[in-house]
Peer 1: 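Supplied in structure tokens, the structure appears directly below.
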Amino acid sequence: MLIIGNWKAYVEDPKKALLLLEAAKKLVAIRGKGKKLEIVLAPPAPFLGMLSAGNKSKVSIGAQDVSETTGGPQTGEVSVGAVKSIGVRYVILGHSERRARGESEASISIKAQHVLSQGLIPVVCVGESERDAEATYLHVLRAQIAAVLGPLQPDERERVVIAYEPVWAIGKSAAEAITPRDLHEMVLYIRKSLGDLVAQAAISNVRIIYGGSVDEGNIRVLAEDGGVDGFLVGRASTDPKIFTALIEAVR
Ligand code: PGA
């Protein structure tokens with residue numbers, strides 16, 4: 001089970017960032033009975049180095065985005081090479097909050113190529129803004145996946161983590177998160193869509209995680225009945241007590 005804490009811009013205090021890292025370290029140190037647990041913390045960029053430096057624990061550090069650039073005269077841009085150099089392993093790409101600021105599918109795909117070429121793991125966010133009775137949202141989702149994964153090499157595609165994050169479920173209350181049954185259907189649909197891009201035998205290797213109002217109350221049933229390989233957790237990952245409860249609920 002892969003749990004990624006997407007801190008967004010919630011965490012602004014380095015002391016809090018360190019507290020959250022300590023909580024995560026304790027959680028990965030406890031051996032659970034169930035599936036292997038992998039925790040990734042994705043802090044705001046200024047905290048990446050601080051959390052990575054000297055981190056010998058099993059907690060991985062992730063970036064919330066990177067630039068398309070591979071370096072050079074690009075003021076304000078952050079290259080994959082730079083985040084790799086400080087020990088970052090995962091990079092979230094195409095989050096709906098970045099897409100809302102104009103990020104295109106083409107740009108997400110270029111970033112994913114850079115991330116993969118440096119040996120890091122891209123976590124590509126996809127998800128519809130709303131649901132309609134005609135199920136157009138399924139086409140939206142399929143098109144998003146094809147646009148980002150299509151330009152990658154076939155063997156690179158299976159290394160991408162797909163984060164299914166329906167925009168309508170992000171940043172709400174647990175009551176507004178997706179139901180486990182609907183999530184399960186979406187995971188099956190995503191695997192089916194991957195059939196156009198990934199060799200049949202490799203489809204089950206692609207990790208599909210869910211994000212959108214996951215908390216310590218709903219994570220267990222979503223994990224049990226949703227068919228996912230993990231979660232991308234926003235707000236609930238920024239409080240050490242809640243994050244601990246959430247991991248314990250799913251362990
Ligand atoms: P949320 O955010 O858990 O606060 O809904 C999830 C996400 O946007 O990654």
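Note that ligands are numbered from 1 as they come in the structure, with each ligand's atoms numbered from 1 the same way.
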Peer 1: S213: heavy atom below 4.0 Å from ligand 1, yes or no?
Peer 2: yes
Peer 1: Relative to the heavy atoms of N6, which atoms of ligand 1 are at a distance of less than 4.0 Å?
Peer 2: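 Reading through ligand 1 atom by atom, the close ones are 9 (O).
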Peer 1: Taking the side chain as every heavy atom from C-beta outward, state whether D229 and L2 have any pair of such atoms under 4.5 Å apart.
Peer 2: no
Peer 1: Any N or O on G234 sitting closer than 3.5 Å to an N or O of ligand 1?
Peer 2: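 Between G234 and ligand 1 (N or O atoms, distance only) the closest approach is under 3.5 Å.
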Peer 1: Which of the atoms in ligand 1, numbered in the order shown and given with their element, are less than 4.0 Å from a heavy-atom of G212?
Peer 2: 5 (O)
Peer 1: Salt bridge or not for E248 and R251, using N-O below 4.0 Å?
Peer 2: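 The answer is no: the pair does not qualify as a salt bridge.
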Peer 1: Could you tell me which non-hydrogen atom of P166 sits nearest to which non-hydrogen atom of G211, and how far apart they are?
Peer 2: CD-O, 3.7 Å
Peer 1: Is H95 in polar range of ligand 1, meaning some N or O pair under 3.5 Å apart?
Peer 2: yes
Peer 1: Show me which atoms of ligand 1 lie under 4.0 Å from any heavy atom of I170.
Peer 2: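 Under 4.0 Å from I170, ligand 1 has these atoms: 2 (O), 5 (O), 8 (O).
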Peer 1: Out of the candidates V233, I30, V28, L37, only one should pair with I247 under the side chain to side chain contact (heavy atoms under 4.5 Å, CB included) rule; please name it.
Peer 2: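 Exactly one option meets the side chain to side chain contact (heavy atoms under 4.5 Å, CB included) with I247, and it is L37.
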Peer 1: How far is atom 7 (C) of ligand 1 from its nearest protein heavy atom, and which residue and atom is that?
Peer 2: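 Looking at atom 7 (C) of ligand 1, the protein heavy atom closest to it is E165 OE2, 3.1 Å.
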Peer 1: Is there a side-chain contact between L222 and V228, using heavy atoms and a 4.5 Å cut-off?
Peer 2: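 With C-beta onward as the side chain, the pair stays apart.
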Peer 1: So is R235 polar-close to ligand 1, meaning N/O to N/O under 3.5 Å?
Peer 2: yes
Peer 1: When you measure from atom 5 (O) of ligand 1 to every protein heavy atom, which one gives the shortest distance, and what is it?
Peer 2: G171 N, 2.6 Å
Peer 1: What orientation do Y210 and F231 show, parallel under 30°, tilted 30 to 60°, or perpendicular over 60°?
Peer 2: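 Judged by the thresholds at 30° and 60°, the geometry between Y210 and F231 is perpendicular.
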Peer 1: Does the side chain of I208 come within less than 4.5 Å of R191's, by heavy atoms?
Peer 2: yes
Peer 1: Which of these passes side chain to side chain contact (heavy atoms under 4.5 Å, CB included) with P151: E105, Q113, R157?
Peer 2: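 Running side chain to side chain contact (heavy atoms under 4.5 Å, CB included) over E105, Q113, R157 with P151 returns exactly one hit, Q113.
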Peer 1: Flag G211 as yes when one of its N or O atoms lies below 3.5 Å from any N or O atom of ligand 1, and as no otherwise.
Peer 2: no
Peer 1: Students should be able to answer this: which protein heavy-atom is nearest to atom 2 (O) of ligand 1, and at what distance?
Peer 2: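 Of every protein heavy atom, K8 NZ, 3.1 Å lies nearest to atom 2 (O) of ligand 1.
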